[in-house]
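One is the number of the first residue; the rest follow in order along the sequence.
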Amino acid sequence: YSIGSLGIRDNDCSRIDFTYCSVNNAELAADVEQHVALFHSELRGAVNAGLTRNGVICLEFFEKKKARWPFAAELFTWETWAVKVELVSATSTAEQQKRQEIIGTELAEKVFYITQMINKSDYVPKTPTLLNDIGNVYHTKLP
């Protein structure tokens, strides 16, 4: 296992003017897509029931802390990203295009901010020195 062994790919959004990079791994993409689809479905269901038009989807980064027997490993969250979503209805095509432009710009600003923050050398947990400990820092479920 080595960092960067999965590769990256560019992704173009179909409804907004935004392109982003992601890990080029079909299994990871399917896993993320499954969670996003579930979030979308639950939010749409809540909107249709008249309960809410808002939602939050979170992504947590964590490190497993080894525990001594008989206790289980403890998960230590070192970063959480929360994206607040509000569903709005456009009254015209012009309004829809304007909203799409605003969302693309806001997403670009957020991604730029995140990349600035994570580019700091002390931001992520230290790479483990023992091969057995790699699974405590890196998600190694995927090939």
(request) Working to the nearest 0.5 Å, report the span between CD1 of I114 and NZ of K110. (result) 8.5 Å
(request) Would you mind reporting whether Q100 and R15 have side-chain heavy atoms less than 4.5 Å apart? (result) yes
(message) Nearest 0.5 angstrom please: E106 CD to I16 CD1, how far?
(response) 10.0 Å
(request) Could you tell me the separation between the CD atom of Q97 and the CD1 atom of I102, rounded to the nearest 0.5 Å? (result) 12.0 Å
(request) Look only at the side chain of R53 and the backbone of E86, and say whether a donor-acceptor pair between them is shorter than 3.5 Å. (result) no
(request) Answer yes or no: is there an ion pair linking R99 with E95, defined by an N-O contact shorter than 4.0 Å? (result) yes
(request) Please round to the nearest 0.5 Å and tell me the distance separating atom CZ of R9 and atom CG of N11. (result) 5.0 Å
(request) Give the minimum heavy-atom separation between C58 and T80, together with the two atoms involved. (result) CB-CG2, 4.4 Å
(request) For residues D12 and T19, determine if any side-chain heavy atom of one lies less than 4.5 Å from a side-chain heavy atom of the other. (result) yes
(message) With a 3.5 Å distance limit and no angle check, can you tell me whether T52 reaches the backbone of N54 through a side-chain donor-acceptor pair?
(response) yes
(request) Quick one: pull up CG in L107 and OH in Y20 and give me the separation to the nearest 0.5 Å. (result) 10.0 Å
(message) If I take atom CD1 from residue I57 and atom NZ from residue K84, how far apart are they, to the nearest 0.5 angstrom?
(response) 14.5 Å
(message) If you define the side chain from C-beta out and look only at heavy atoms, does anything of F18 sit under 4.5 Å from V111?
(response) yes
(request) Determine whether E42 and L38 make a side-chain contact, defined as any pair of heavy atoms from C-beta on separated by less than 4.5 Å. (result) yes
(message) Are V83 and I103 connected into the same hydrophobic cluster when the rule is that any two of I, L, V, M, F, W, Y join if their side-chain heavy atoms are below 4.5 Å apart?
(response) no
